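Right, one structure below, let's go through it.
In this text, all values refer to a predicted model and were calculated from it rather than measured experimentally. In what follows, chains are A, B, ... by sequence order, proteins preceding strands, each numbered from 1.
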6 protein chains.
Amino acid sequence: AVPRADLPYVGIATFARAPHVAPDLLRPGDAHFAVFGVPFDGAVGYRPGQRLAPRAIRDLSTRYALPWGPDNPGYWDIQDGRWYLAGCRLVDVGDADPLYTDLEHLDRSVAAVIAAVLAAGAVPVVLGGDHSVTYPVLRALTPIFESGGVWAGRRLHVVQIDAHLDFTDTVAGYARSNSSPFRRAAELPFVGTITVVGVRGIRTNPEAYAAAVGRGNRIVTMREVRRSGIEAALGHLPRGEPLYVSLDVDGLDPSVAPGTSSPEPGGLTYEEVRAVLQAVTEAGPLAGLDVVEVNPYLDPGGVTSLLAARLAVEAMALAYGTGHSQEPEAR
Amino acid sequence: AVPRADLPYVGIATFARAPHVAPDLLRPGDAHFAVFGVPFDGAVGYRPGQRLAPRAIRDLSTRYALPWGPDNPGYWDIQDGRWYLAGCRLVDVGDADPLYTDLEHLDRSVAAVIAAVLAAGAVPVVLGGDHSVTYPVLRALTPIFESGGVWAGRRLHVVQIDAHLDFTDTVAGYARSNSSPFRRAAELPFVGTITVVGVRGIRTNPEAYAAAVGRGNRIVTMREVRRSGIEAALGHLPRGEPLYVSLDVDGLDPSVAPGTSSPEPGGLTYEEVRAVLQAVTEAGPLAGLDVVEVNPYLDPGGVTSLLAARLAVEAMALAYGTGHSQEPEAR
Amino acid sequence: AVPRADLPYVGIATFARAPHVAPDLLRPGDAHFAVFGVPFDGAVGYRPGQRLAPRAIRDLSTRYALPWGPDNPGYWDIQDGRWYLAGCRLVDVGDADPLYTDLEHLDRSVAAVIAAVLAAGAVPVVLGGDHSVTYPVLRALTPIFESGGVWAGRRLHVVQIDAHLDFTDTVAGYARSNSSPFRRAAELPFVGTITVVGVRGIRTNPEAYAAAVGRGNRIVTMREVRRSGIEAALGHLPRGEPLYVSLDVDGLDPSVAPGTSSPEPGGLTYEEVRAVLQAVTEAGPLAGLDVVEVNPYLDPGGVTSLLAARLAVEAMALAYGTGHSQEPEAR
Amino acid sequence: AVPRADLPYVGIATFARAPHVAPDLLRPGDAHFAVFGVPFDGAVGYRPGQRLAPRAIRDLSTRYALPWGPDNPGYWDIQDGRWYLAGCRLVDVGDADPLYTDLEHLDRSVAAVIAAVLAAGAVPVVLGGDHSVTYPVLRALTPIFESGGVWAGRRLHVVQIDAHLDFTDTVAGYARSNSSPFRRAAELPFVGTITVVGVRGIRTNPEAYAAAVGRGNRIVTMREVRRSGIEAALGHLPRGEPLYVSLDVDGLDPSVAPGTSSPEPGGLTYEEVRAVLQAVTEAGPLAGLDVVEVNPYLDPGGVTSLLAARLAVEAMALAYGTGHSQEPEAR
Amino acid sequence: AVPRADLPYVGIATFARAPHVAPDLLRPGDAHFAVFGVPFDGAVGYRPGQRLAPRAIRDLSTRYALPWGPDNPGYWDIQDGRWYLAGCRLVDVGDADPLYTDLEHLDRSVAAVIAAVLAAGAVPVVLGGDHSVTYPVLRALTPIFESGGVWAGRRLHVVQIDAHLDFTDTVAGYARSNSSPFRRAAELPFVGTITVVGVRGIRTNPEAYAAAVGRGNRIVTMREVRRSGIEAALGHLPRGEPLYVSLDVDGLDPSVAPGTSSPEPGGLTYEEVRAVLQAVTEAGPLAGLDVVEVNPYLDPGGVTSLLAARLAVEAMALAYGTGHSQEPEAR
Amino acid sequence: AVPRADLPYVGIATFARAPHVAPDLLRPGDAHFAVFGVPFDGAVGYRPGQRLAPRAIRDLSTRYALPWGPDNPGYWDIQDGRWYLAGCRLVDVGDADPLYTDLEHLDRSVAAVIAAVLAAGAVPVVLGGDHSVTYPVLRALTPIFESGGVWAGRRLHVVQIDAHLDFTDTVAGYARSNSSPFRRAAELPFVGTITVVGVRGIRTNPEAYAAAVGRGNRIVTMREVRRSGIEAALGHLPRGEPLYVSLDVDGLDPSVAPGTSSPEPGGLTYEEVRAVLQAVTEAGPLAGLDVVEVNPYLDPGGVTSLLAARLAVEAMALAYGTGHSQEPEAR
């Protein structure tokens, strides 16, 4: 039979053509990584549309299709001169289930998906949604940091790529907006330091800043990145500790990631974000990843969705290549 | 001094250039009508963006600017050969205050604005938002139907222009989605019959249908409109009773109102919607109006926002012209 | 466990959330209908983008999701007052495999998918692609009209909804463009009369017209539709014979289906196209359906893709309801 | 040699692939019609962009390409069952020369092009531009109505297809806006009655209405069109007198011509506009035509530009076919 | 009462939610800065739409809302580690009044607004419009440089951020196009040196170049910026003299400011423009500011309007912070 | 007579307003350069629309209009301080003739146009089309490298600006896709080394890489550009040998050239691409140029088409200025 070409626009769009597996059918060893969407934008304070991002990212992600499975040859990166993702198994477990303004329903749904992913020993890779989704995602990691969990007794270090602190306590009394996920996350006992890279929005909430600094978070502004370079900015990352990356696409410069609700000029380049991913995955095992705040309505030509897909693939490639990401699978 | 031309694209966009008055500064007799926005889309089950509608509608509404006040000459309609809105006073009282997923905050905010509008004797004209906003708006009319109110002891009849029944009890247990506003409204003691015009969506919830019919609602499908004409379809409206119009722009055909989340082919024409407005305003005094489900993201060129603005203006013109809308002012 | 809401924008987009089954895994009785895409636009003579239609249609089709399977309750159509598609099983078998300009590869791929669909006793429902894909689709039906096939010895009648004849022999010597699929189809021995509804393009190729009339095709122009009504125009359809519907969305008026390469003003309404589908499915069993020439690049807001999805669902509903479409399943 | 296909998107875009001839090189007998653009939007009172229309219309007009010249076979209209434009010669003489706000420069430029066109015996076909351009175009026809001109001593009757009267005297003292072209035209001694078809804008200037009626203009509102039909509405046209058609695309319904600055719901269909063109060209010789107010910025997918191109082609076809348009050529 | 959240998409859009005050109601001491729009694009030589910019910028500017007034806390800039705009009072005085091609009317209208702003001791902040509006704005500053004015006997230094010189004398004899505002400004007796930063368009008019250099203007090309840095390029600015900033968004690179008529690759970054603003406000008091050539039609997602709003806010913040901008208020 | 302004949006769009000359009417000495389009996208593996690029580029190229001919003053570049293109003659010879999937027809058509261009001694400047068109263009240069040709016995060096190698042998057996043009070109006997600048796509085909390196191609990745600078990267170019530049706009960063099918982050700046053009034209005579992979559907505001036009103009300017490009004319 003639082999199929399966050009990128062909066929049903799962993330990078990973097999679609319902979370409850996932079995240990099935996958190194499990992608799922949290199509929720009920907590965005500005222009909505982030709920449409998981589909938009999946649609464009098929440019990065691989035959995920034991015979996966991976891809060859001409600039690094090496192969990535060879043998890697990825699954797409679909989406969590938002229900209008019902946060409890959403939280339960996110928790259920992540429980299944963790039970299978896979690393969760989340497609947002607005940035508020990071909190239920992080909270759902609780079991692996509790007694009996893979990382029992250790702490999760978070690297947040973002133009904004997102550490505001409440907005007019509201605690779960996309300005607050890391303030909430900081209340989780297993969450250690949070490093924010790319901060530059004017109008930072001073109380949030003080609270963040007060608990030992590390804030790397763009001015620091421009002065010292991205590698220096990340030199302090703990080694060997589990790390979680939360990638708000507004951390990138609007010229490369225009499709977002609250763009801020003067942001990170693609190369800098990739360097962050590299530094993180060299520092320790990747416990999870989210890519949030893509707004397809504001993304003509899909450049932001395409970039989000690529960065998710490269994050997995870098994590997989260092072997760290395979640790959870070893269970 | 040279008179200003104030072409429609010039200046700050209030609705039809009505003076902007904060609700709490509104005084009795200040206005016949008070426009306000409810920029909320947290309850839309599909493509969000309705929160952006009040601004988009205001932006285009300045094509319908008038010098609202005692010397307002109104406008002359060449097809009717008559003047409308002469002497009419309109104010724009700004927007209600959505707070992410917090419905209670929204409801309180809507109630406060409407209370101020009613206290001033003006008729509220609401710019949505998704269709869920109709429920808090209607509920906020309660005082005028209670003892001591303008319409104490009477019932409010609702005319809903819509492709969908929006009478679903709950969606996965959720009671406040944009599929349910009229089910909720029907629980308000002063709400009488609801007439829905333009219904045609396939996949109607049969339980919702039974419940709607069971309580005496009148459902006018497009097939009935095409068979009997729009006037016949509305022949049953009560005379002299207060009426509320809820205009979901998806009641119109997508060819004339494409900018909406859930368009359904085979809908009402502009002329038919105007005929509904005319029939309603001839039947009784207008107690309120909302125009909902405009989604500016899906509205290239602004045709839907522009139409929404025009229909709101014409609804006021027809209500004002018949004298019914002036009743509240008489207080 | 809390039930999922699965709002239309949630999850991986297969057609109407039908299960995705690879063609070669399809078994007899698995499905009444099998949707697949032919994302090919290499033969469009004007503005390309039709290759992106299967994904765009699937994306929007989830508004019409059903739990396809034995417990499928179907949907209730308020205007007809009846249930459709109850118990119906639909599968999405993915896409055929275009390979740039290689028509032979495409044809083989289409033939393979259809062979699998027919072997399973399902009715193929095709999402184009430009109109040239109708020819390989029709040709792939050959086996069921040959000796031993379900309709051995009978002829397939084709109902084409279209602004154009698409019966041109060749364009500058080229025989497979989207102007020629029915000229090619007419060369297949089992293809009987072709009825074209909605024709109105100025600049019809007179030779094509003569050839079409000469072989007994029936051409229903818009002027005839306007004069006699759509039902009259279709009164001649054979009864009880297998029928194939090829729905070029440019048969519809550009106001309702703007997203197409070659719009022609003065076309069919949604209601008229639905009436064609009803007349066809009342006349005989549906042997297949295609919806072609959707161009997502020209379809802001997705109205055309959404309409294409709905018409495909309604075509299946009408065919299934009359029992005709179940015939293949009876094997 | 292999013949070229020259599909519509191929090659340099002149109107319908007519040869580009500089006005001053045009010789008597060269052409029956001469297309030129007036890319001016300095007098639009709302959303600009009409200056981009001539190029946008030309771009899409190549779908209507013909080999203009003595061997031109014309095109065959399947609905009429007849050939049009056989033997017709069309030239594209480029654009008039707007210079920012300098109306005098524009007027001179328009006058120069029209003088050349008339000297060659061709009928001018103008692509606007906002509607203000109609006045300099009409004024430039003066010579043919003066002593020694083709129509010396006769009057030019104007048929205006429009949602608005455009008969306002001045706006804040300004006399040349796109609200006033016909008020200005009425000041030209050779301009006879003006018939306006499609009028429906609310907010008609009453003084303009009185002035229009007072000078004997005929105003056909949409309500009259819907009540009496388009043919009846035009029954009064003078026979055998030279006629000019000014087609503002906002005369059409926004559903078929969305790409315009000031759309008004409830407008003419394509078929009705074509019927106007037919009635006019049957009544008398076509002295000129303009198609104005296309705004490409507001025209996703180009449906309005494409329709404008088609209507211009059909107007020429109808005029040429009746023989009237050949009269000027006879000189 | 529950405090309002007033998320950025809520409410009527004045610039940064400044109170809307009619110019003639402005009183001395009411404001440090007064924003107004000049929605005029009649002098743009290419793609129009700049008249829509004031509204588009206002719409997005509400992301930068502050409670302008004595209790204004200002905003805290995390990168600078300091507060800006504390106590600052800003008003939005609406728009000047364009009247089609009537420059005299526009000029008078601009002059009237500026006179009121200056009388109140506020610094004018202008939202264009095309770049031609800078000339009437500058001319309207004449009174404060005349005898008795605040800066009597001093000269106004202009810093122009721009890809083009805009110093052409006339275009085909036309003196007021958007290529000429600084040539005209140079004719005003109080205008001193003009420094242009970001120049890079190929096809510079050599005569304009010679004239600019001849009168002592300073031209900083992008090559010089790249070679010497932005600070060096501005080292020559006079100290303590009143300065006016004219910010044409095409001075920025098209990647960060795509929404403009004549983008030129290789432009300034956001950081560089901010550095210009900083250098200017450190050098002397800010006499005025304009942000021009935003074209909302060419600005998907609004990135350019949003950036324009932010740069206007930051310019005011920097000017206010240094105390210079308060000088006019001291009167 | 008043001179025309001919602002950029005015008139029929040929490339930079060059005279349109049919290829077979071109005579020796008529032109230094001849622009033509190859509007073909049948070999693009992803999002089509490249066939629309020649018209889109021409439309925007009129910003770079010159009076091409002996009196052409050229343009003055303020950054270089010198004149370019003085006296240069450019013609626009229209488009090659794609015919759906018929590559042979396309190849013949390309060959015919190029033969005419070469016969006239002009340098061909090609507007694609997808990148597959480079192969038939290069092949059509064969005659000038054969015995008797201008460059008989010499080799053509190719400089490819591209994010991708495009050196894949076949895709699923298909040899002419836009991934393979340089593999095919390498089979032409006169094609020498190929230098690729800007390579960065992950997922490079390793076999293609090995084959490219194996035949002596030079691959300059973005990492090398960032490390060594663009000049260093091109230091190896042969001197005095004929050079061909193939400019795939995806070689540029997506922030400056978003309108392309397969954007890759981290690409070349405009200045770097211009530096490549400068290095090439200093190294030897320009034998030809193509600009490919512009996709107008993905190019809101036209920034990519405008940049493509400018780079083509600057390439000609640099080649003409060095005298190299005049060599062919010397025949």
Side-chain angles (χ1 to χ4, degrees), chain A residues 1-10 16 59-60 62-66 73-86 249 252-259 265 267-275 298-311 313-314 316-318, chain F residues 43-49 163-165 167 170-174 177-179 196 198-210 212-213 219-227 250 253-267 269 295-301 303-304:
Chain A
V2 178
R4 286 180 66 97
D6 273 327
L7 293 169
Y9 57 90
V10 173
D59 181 20
L60 290 155
T62 50
R63 269 197 73 207
Y64 301 108
L66 284 175
Y75 69 84
W76 189 72
D77 183 322
I78 192 171
Q79 300 208 88
D80 286 353
R82 50 173 291 204
W83 288 89
Y84 285 101
L85 290 173
V249 295
L252 288 144
D253 194 72
S255 61
V256 294
L268 295 162
T269 64
Y270 155 75
E271 292 91 337
E272 286 166 339
V273 171
R274 194 182 186 277
L298 305 173
D299 193 32
V303 288
T304 311
S305 286
L306 186 60
L307 185 57
R310 173 157 169 174
L311 286 168
V313 167
E314 292 200 84
M316 291 189 274
L318 291 163
Chain F
V44 69
Y46 200 19
R47 298 180 291 181
H164 311 95
L165 276 190
F167 208 78
T170 63
V171 175
Y174 188 83
S177 84
N178 71 342
S179 300
V196 203
V199 176
R200 63 193 183 278
I202 57 173
R203 305 170 58 91
T204 296
N205 183 326
E207 192 278 336
Y209 174 76
V213 171
I219 298 172
V220 184
T221 65
M222 280 311 300
R223 205 163 291 169
E224 183 173 343
V225 172
R226 288 287 160 267
R227 194 170 38 220
D250 70 22
D253 193 71
S255 61
V256 294
T260 194
S261 174
S262 297
E264 304 279 358
T269 64
N295 188 336
Y297 282 138
L298 305 172
D299 193 32
V303 288
T304 312

Where do F:E264 and F:R203 land on the salt bridge (charged side-chain N to carboxylate O under 4.0 Å, His left out) test, with the steps shown first?
CA-CA 11 Å; F:E264 304 279 358; F:R203 305 170 58 91; over 6 Å; no

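Counting heavy-atom pairs under 4.5 Å between each of F:G259, F:P300, F:P206 and chain A puts F:P206 at the top. Contact count versus chain F (heavy atoms, under 4.5 Å) is highest, among A:P254, A:A65, A:G302, for A:A65. Of the listed residues (F:S255, F:P258, F:A172), the one with the most heavy-atom contacts under 4.5 Å to chain A is F:S255. The candidate with the highest count of non-hydrogen atom pairs below 4.5 Å against chain F, out of A:L7, A:I78, A:D77, is A:I78.
Both the backbone and the side chain of A:Q79 come within contact range of chain F, each with at least one heavy atom under 4.5 Å from a heavy atom of that chain. In this structure, chain F has no heavy atom under 4.5 Å from any part of A:D253. Heavy atoms closer than 4.5 Å to chain F are found nowhere in A:Y84, neither backbone nor side chain. In this structure, the portions of F:P265 lying under 4.5 Å from any heavy atom of chain A include both its backbone and its side chain. Using a 4.5 Å cut-off between heavy atoms, F:Y209 touches chain A through its side chain atoms alone. Within the 4.5 angstrom heavy-atom criterion, atoms from both the backbone and the side chain of A:P8 approach chain F. At a 4.5 Å heavy-atom cutoff, F:S261 makes no contact with chain A through either its backbone or its side chain.
Atom-to-atom distance recorded for A:D80:CG and A:E314:CD is 8.5 Å, nearest 0.5 angstrom. To the nearest 0.5 Å, atoms OH (A:Y75) and OG1 (F:T204) are separated by 10.5 Å.
Side-chain atoms of A:D299 come within 3.5 Å of backbone N or O of A:S305 as a donor-acceptor pair. At least one donor-acceptor pair under 3.5 Å links the side chain of F:N295 to the backbone N or O of F:P48.
The heavy-atom pair separating F:D250 from F:A163 by the smallest distance is OD1-N, 3.1 Å. In terms of heavy-atom proximity, A:L306 sits nearest to A:L60 at CD1-O, 3.7 Å.
Between A:D6 and A:R4 there is a salt bridge, since at least one side-chain N of the basic residue sits less than 4.0 Å from a carboxylate O of the acidic one.
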